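Computed from a prediction, not measured in an experiment: that's the story for all the values here. Numbers here are sequence positions counted from 1.
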Amino acid sequence: IHSRCQKFEFRRINSIDIYEHLSNIANIERIPYEEQALKLIAKRSNGGMRDAQSTLDQLSLIPSGITKQNVENLLGEVSENDLVELIYSLIDNKPESLLENCSKLYNSGNEPISILEGLLNITRDLLLDTNESHSDLFYTSENFQVELNNISKKTNKSIIINWHSNLRNIEYQIKNSSQPRLWLE
């Protein structure tokens, strides 16, 4: 009976609104934070305010405060700056450098699937028009915009689409292999 029911329409919350709400909470609670860290939390919460607040709460207990590095560590993400070296190894067609950088990332505690996801995010963002101002469509941070512009000047969209396709094809192998590092390399 429809007249006796309540209808709730759930939707994702814009990352800008999540960022503003998180910054209000941090200011009220006097929690020190970096602006880029809160923006990263807002983007990675995928429209879920509860997830964003939970992440903020966990990070507020860390003595060094809410920094971009702490957010990346908590979420298990690979730093965009670390992934740049992999991208340039691909652009320059240097397999030895690619393997060295993969090894360095792996040995510093990054999981192969996290490295792959980071590369997929960068290749996705490279398909957007990097000459325009940074928008909410980008998965990477605003600070990474200059590097995206540099990368996009050194390659073309058909190569990026090919990289993205190849990376997507190995995701299953990495998740289900006993040797995920080998599949990443």
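- Looking at N70 and S64, their side chains do bring a donor and an acceptor atom within 3.5 Å of each other.
- A distance of 10.5 Å separates CD1 in I170 from OG in S177, rounded to the nearest 0.5 Å.
- Between G48 and I18 the shortest heavy-atom distance is N-CD1, 4.1 Å.
- Note that CD of E147 is 10.5 Å distant from OG1 of T140, once rounded to the nearest 0.5 Å.
- The cluster map of Ile, Leu, Val, Met, Phe, Trp and Tyr, joined by side-chain heavy atoms under 4.5 Å apart, puts V146 and Y88 in different clusters.
- No side-chain donor-acceptor contact under 3.5 Å links S165 to the backbone of I161.
- When side chains are defined from C-beta on, I66 does not count as touching E34, because their heavy atoms never get closer than 4.5 Å.
- There is no side-chain donor-acceptor pair under 3.5 Å between R44 and S15.
- Annotation for E185 and L99: closest pair CB-CD2, 3.5 Å, computed over non-hydrogen atoms.
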Show, in sequence, the C-alpha distance, side-chain angles and deciding distance for K7 and E9, and conclude whether the salt bridge (charged side-chain N to carboxylate O under 4.0 Å, His left out) test is met.
CA-CA 7 Å; K7 182 179 177 183; E9 291 185 25; 3.5 Å; yes

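- How far CD1 of I113 is from CD of E171: 4.5 Å, rounded to the nearest 0.5 Å.
- With hydrogens and angles disregarded, no donor-acceptor distance shorter than 3.5 Å links the side chain of R181 to the backbone of P112.
- Listed for the D92 side chain is no donor-acceptor partner under 3.5 Å among the backbone atoms of K94.
- Hydrophobic cluster membership is shared by I159 and L86, with clusters built from Ile, Leu, Val, Met, Phe, Trp and Tyr side chains linked at under 4.5 angstrom.
- Using a 4.5 Å cut-off on side-chain heavy atoms (C-beta onward), I122 and L126 make contact.
- Taken to the nearest 0.5 Å, the CD1 atom of I151 stands 10.0 Å off from the CG atom of L90.
- Looking only at atom types and distance, the side chain of N149 has no donor-acceptor partner in the side chain of S152 under 3.5 Å away.
- Salt bridge annotation for R124-E117: absent, with no cationic side-chain nitrogen under 4.0 angstrom from a carboxylate oxygen.
- Looking only at side-chain heavy atoms (C-beta outward), K104 and E100 stay at 4.5 Å or farther from each other.
- Residues I41 and F144 are members of separate hydrophobic clusters, defined by side-chain heavy-atom contacts under 4.5 angstrom among Ile, Leu, Val, Met, Phe, Trp and Tyr.
- A continuous path of hydrophobic side-chain contacts links I91 to L83 [ILVMFWY only; heavy atoms under 4.5 Å].
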Let me see the working for L38 and L56 under side-chain contact (heavy atoms from CB on, under 4.5 Å), right down to the final yes or no.
CA-CA 8 Å; L38 290 187; L56 178 72; 3.7 Å; yes

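- Between the side chains of N73 and Q69, at least one donor N or O sits under 3.5 Å from an acceptor N or O.
- Side-chain contact of N110 with S114: a donor-acceptor pair under 3.5 Å is absent, judged by distance alone.
- Between N14 atom CG and H21 atom NE2 the span is 14.0 Å, to the nearest 0.5 Å.
- Within the 4.5 Å cutoff, side-chain heavy atoms of C102 are placed close to those of L184.
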D57/Q53 under side-chain contact (heavy atoms from CB on, under 4.5 Å): CA gap, chis, key distance, verdict:
CA-CA 6 Å; D57 186 42; Q53 288 176 336; over 6 Å; no

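- In terms of heavy-atom proximity, L120 sits nearest to H164 at O-CE1, 3.4 Å.
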Let's go through E80 and K68 carefully: what are the C-alpha distance in whole Å and the side-chain angles of both, what is the deciding distance for salt bridge (charged side-chain N to carboxylate O under 4.0 Å, His left out) to 0.1 Å, and is it a yes or a no?
CA-CA 11 Å; E80 295 164 342; K68 187 175 180 215; 3.5 Å; yes

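- Using a 4.5 Å heavy-atom cutoff, the side chains of I115 and E111 are not in contact.
- Looking at every heavy atom in both residues, L127 comes nearest to K157 through O-NZ, 3.3 Å.
- Residues Y106 and I174 fall into different hydrophobic clusters, defined by Ile, Leu, Val, Met, Phe, Trp and Tyr side chains chained together at heavy-atom separations under 4.5 Å.
- For the pair N162 (side chain) and S158 (backbone), a donor-acceptor distance under 3.5 Å is absent.
- Heavy atoms only, all atoms of each residue included: D82 and V78 are closest at CB-CG1, 4.2 Å.
- Between L119 and W163, the closest side-chain pair of non-hydrogen atoms is not below 4.5 Å.
- Of all heavy-atom pairs between S23 and Y33, the closest is CB-OH, 3.7 Å.
- Remark: D125 CG to Q145 CD distance equals 8.5 Å, nearest 0.5 Å.
- Side-chain contact check for N101 versus S97: some heavy-atom pair is nearer than 4.5 Å.
- With respect to E35 and K39, a salt bridge is recorded, a charged nitrogen being found less than 4.0 Å from a carboxylate O.
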